[in-house]
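Read through the structure below, which is laid out as structure tokens, and then see the notes.
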Amino acid sequence: MPDQQGVELLEQFDNWAELRNKLREVAVRHSEWAGIPMPLFDRDLSLVMEPKYPLTEVIKVVEQVHHEEDGPPDDRIDPATLRNTFWSSRDRCWVHIQEQDGKIVWFRSGDFNHVALMLATLQASKAWGIEQERNAIDLLATLVRHHQFKQYLLTGMLLESSKRSGVFYLFRRLRPTIAMSFKGRPRVLCTLCMHPIGYYSDSWAGAMAPTDDVIAHLMLMRGDEHMFWRRCNQHPSWVKQSGI
Amino acid sequence: MGEIGILNVGAGDTKLVFDPNKPEDSARAARIVRDMIQRGFAILVEVDDGKGGKTFARATDFREDTYEYIIADDPAKAPETDAETPAVPTRRRRRVVPATDTRGVAVARSAGG
């Protein structure tokens, strides 16, 4: 556990520390045991909340107010009539077919790689403090074996199989968990994405520090694997959200 | 002494302690655990796996007066059946785990991703 002087020194360099600490105080006063996520006041990184979180509407209002102060979003070009949309596994993008001036045209949209997601995740890191991540790493150390912890510190990943189902899970910091089967031909089943409380839109960033998300995945897998799969969004391995 | 870590946005994780020598702290911890279960938190608690080792299981309830987690065990594996032997219905067994003897992690309800 970092000492108070060390924390204060770190926070001198963190412009968001004061807001983060205030939210922590408010959360304790209002018995929000998992805390209050921090709005980033960025139109591209709005919070997507767990539907029953009691302060969801308040956070939406706060973010909305800030967006209104920014001014309206850029005008969009009027789209022609959209005929169809489908996913191209080969090109890893969406293909849209639409009608323009009596002709059928098509175009691709979406990113061919996931650099935009990575940059958005980097941006969202303002929400977390080093102290919070350090506490989460300390907790993880008590929950896994030494070699798993070493792997996690060095690579940001750790592997564990379910004694129940035999599925192997590759838990990753700031990426969805990869579920794999080695029965017969080794294959990726899907990737599992879930964040306690909420996450920042169009990024891999959760409201909690990155290792807290990893712990949430690991513990749910261990304690109630069915609930883990129910709570996660399941992304196929070929979409950019999978982080593969 | 048992403890439970709550994954928390502002703190990384916060710890609740069940210590028989600190009744006020234990009572507060019990109230919070009960509240979390009612709010839909997943409380994952370390339990014996029946083979000499440890595993984690989800607590479905908590007794505030006795500081005990209620764990729903997996249903017992149904015996093999054939045409002459009807299947025996299984019932989910519940187990009681003292909070003062174990550790756990509390995970809030989640948004997808």
Side-chain angles (χ1 to χ4, degrees), chain A residues 20-21 23-25 27-28 31-38 47-54 127-129 131-139 142-143 163-164 176 192-199 204 206-209 211-213 215-216 218-220 222-224 227 231-233 235 241, chain B residues 2-16 28-51 53-60 62 69 71-75 77 92 95 97 102-113:
Chain A
R20 192 180 306 118
N21 291 338
L23 285 171
R24 180 163 54 191
E25 288 171 22
V28 170
S31 303
E32 287 301 327
W33 312 121
I36 299 175
M38 184 154 70
L47 273 164
V48 179
M49 301 300 299
E50 179 271 302
K52 293 190 180 176
Y53 185 71
W128 316 311
E131 178 198 359
Q132 286 75 19
E133 176 66 2
R134 170 61 186 267
N135 290 343
I137 289 175
D138 283 347
L139 175 59
T142 67
L143 297 170
K163 294 179 180 118
R164 218 173 279 106
L192 300 163
C193 198
M194 177 272 289
H195 304 280
I197 297 292
Y199 66 95
W204 285 305
M208 296 194 178
T211 299
D212 270 335
D213 276 352
I215 293 171
L218 175 70
M219 296 308 295
L220 271 174
R222 285 177 174 177
D224 193 334
M227 174 183 267
R231 283 193 174 187
C232 288
N233 275 349
H235 299 295
Q241 289 85 352
Chain B
E3 66 175 30
I4 182 163
I6 309 172
L7 302 185
N8 182 286
V9 172
D13 81 287
T14 51
K15 292 239 183 325
L16 301 176
R28 177 177 174 269
R31 236 178 6 255
I32 293 173
V33 169
R34 193 89 179 78
D35 188 40
M36 287 194 292
I37 290 175
Q38 284 173 341
R39 292 188 191 202
F41 280 58
I43 311 290
L44 297 318
V45 173
E46 193 170 44
V47 299
D48 293 327
D49 65 1
K51 299 172 192 168
K54 296 282 187 185
T55 185
F56 282 85
R58 187 168 65 89
T60 54
F62 185 79
Y69 298 105
I71 311 287
D73 274 344
D74 286 337
K77 190 172 179 185
R92 209 171 177 85
R95 202 172 6 156
V97 176
T102 191
R103 59 176 182 152
V105 174
V107 179
R109 297 178 67 99
S110 50

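Heavy atoms only: backbone and side chains are in, while hydrogens, waters and symmetry mates are out. So that the names make sense, note that chain A is the first sequence line, chain B the second, and so on, each numbered from 1. Just so you know, these numbers come straight off a predicted model, no measurement behind them.
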May I ask you to name which of [options] has the most heavy-atom pairs under 4.5 Å with chain B?
| options | result |
| --- | --- |
| A/Met219, A/Gln241, A/Arg222 | A/Met219 |
| A/Ala209, A/Ala34, A/Ser31, A/Cys232 | A/Ala34 |
| A/Val48, A/Leu143, A/Thr211 | A/Leu143 |
| A/Val28, A/Ile36, A/Leu23 | A/Ile36 |
| A/Ile215, A/Asn21, A/Leu192 | A/Ile215 |

- Among B/Leu44, B/Leu7, B/Val107, which residue forms the greatest number of heavy-atom pairs with chain A at distances under 4.5 Å?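 If we count pairs closer than 4.5 Å to chain A, B/Leu7 comes out on top.
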
- Residues of residues 32-39 of chain B with any heavy atom under 4.5 Å of a heavy atom in chain A: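 Within residues 32-39 of chain B, the residues that come under 4.5 Å of chain A (heavy atoms only) are B/Ile32, B/Asp35, B/Met36, B/Arg39.
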
Let me know if [X] has heavy atoms under 4.5 Å from chain B in its side chain, its backbone, both or neither.
| X | answer |
| --- | --- |
| A/Leu139 | side chain |
| A/Met194 | both |
| A/Glu32 | both |

Please report the closest heavy-atom contact between [X] and [Y], naming both atoms and the distance.
| X | Y | value |
| --- | --- | --- |
| A/Ala207 | B/Val9 | O-CG1, 3.6 Å |
| B/Lys54 | A/Lys163 | O-NZ, 4.4 Å |
| A/Pro196 | B/Ala108 | CB-O, 4.1 Å |

- Message: Using 0.5 Å steps for rounding, measure from the CH2 atom of A/Trp33 to the CD1 atom of B/Ile4.
- Response: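 Reported to 0.5 Å precision, the distance equals 12.5 Å.
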
- Item | Inter-residue atom distance A/Thr142.OG1 - B/Glu46.CD, 0.5 Å rounding |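 These two atoms lie 9.0 Å from each other.
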
- For the residue pair B/Thr14 and A/Arg24, establish whether any side-chain heavy-atom pair is separated by less than 4.5 Å.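 B/Thr14 does not reach A/Arg24 side chain to side chain.
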
- Task: Pick one of side chain, backbone, both or neither for B/Ile6, based on which atoms fall under 4.5 Å of a heavy atom in chain A.
- Result: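 Contact with chain A: side chain only.
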
- Query: side-chain contact (heavy atoms from CB on, under 4.5 Å) with B/Ser110: which of A/Met227, A/Arg231, A/His195?
  - Reply: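 Per the side-chain contact (heavy atoms from CB on, under 4.5 Å) rule, the option paired with B/Ser110 is A/Arg231, out of A/Met227, A/Arg231, A/His195.
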
